[in-house]
> 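Quick one: the structure is below, and I'll ask about it shortly.
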Amino acid sequence: MNLARISREVTQGWKLQDKLYAANMNDGGSGGGNMEARIAVLEQIAKDTKDVLKDLKTETSTLRSNQERDFRILFGAIITATLGLAALMAKGFHWL
């Protein structure tokens with residue numbers, strides 16, 4: 001799941017809520033009519049938000065595990081390079 005899809009889903013939910021609110025206001029009401037439809041929209045937005053948060057949590061844990069693996073590889077490469085340079089210096093200074 002990517003960030004663009006998440007943003008699109010959230011935006012669609014808000015647009016739907018705005019349309020329902022605008023339709024209710026155009027009927028001359030004070031905003032209190034058609035309550036069931038408005039609540040259904042809010043429930044759908046809450047459900048979609050919950051799903052998005054669940055997906056984000058999964059992606060975050062995946063990124064953390066990848067980050068941990070990348071750190072170990074990088075740390076090993078730094079240690080290897082340091083030991084190689086130390087050996088090269090020891091050879092150059094005739095310590096070995």
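Just so it is clear, the values below take in all heavy atoms, side chains as well, and ignore hydrogens, waters and symmetry mates.
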> Answer yes or no: is there a side-chain heavy-atom contact under 4.5 Å between Arg64 and Thr60?
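Of all side-chain heavy-atom pairs linking Thr60 with Arg64, at least one is under 4.5 Å.
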> What is the distance from atom CG of Leu42 to atom CE of Met35, rounded to the nearest 0.5 Å?
9.5 Å
> Out of curiosity, Lys50 NZ to Leu53 CG, how far, rounded to the nearest 0.5 Å?
10.0 Å
> Excluding sequence neighbours, so at least two apart, what forms side chain to side chain contact (heavy atoms under 4.5 Å, CB included) with Leu96?
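For Leu96, the residues satisfying side chain to side chain contact (heavy atoms under 4.5 Å, CB included) (neighbours in sequence not counted) are Ala90.
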> Quick one: name the residues clustered hydrophobically with Trp95, using the 4.5 Å side-chain heavy-atom rule over I, L, V, M, F, W, Y, and just say none if it's on its own.
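Hydrophobic cluster check, Trp95: joined to Met89, Phe93.
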> As an exercise, state the distance from OG1 of Thr49 to CD of Gln44, rounded to the nearest 0.5 Å.
9.5 Å
> Could you give the side-chain donor-acceptor pairs of residues 71-79 under 3.5 Å, partners two or more places apart or in another chain?
unit_1	atom_1	unit_2	atom_2	d
Arg72	NH2	Glu68	OE2	2.9

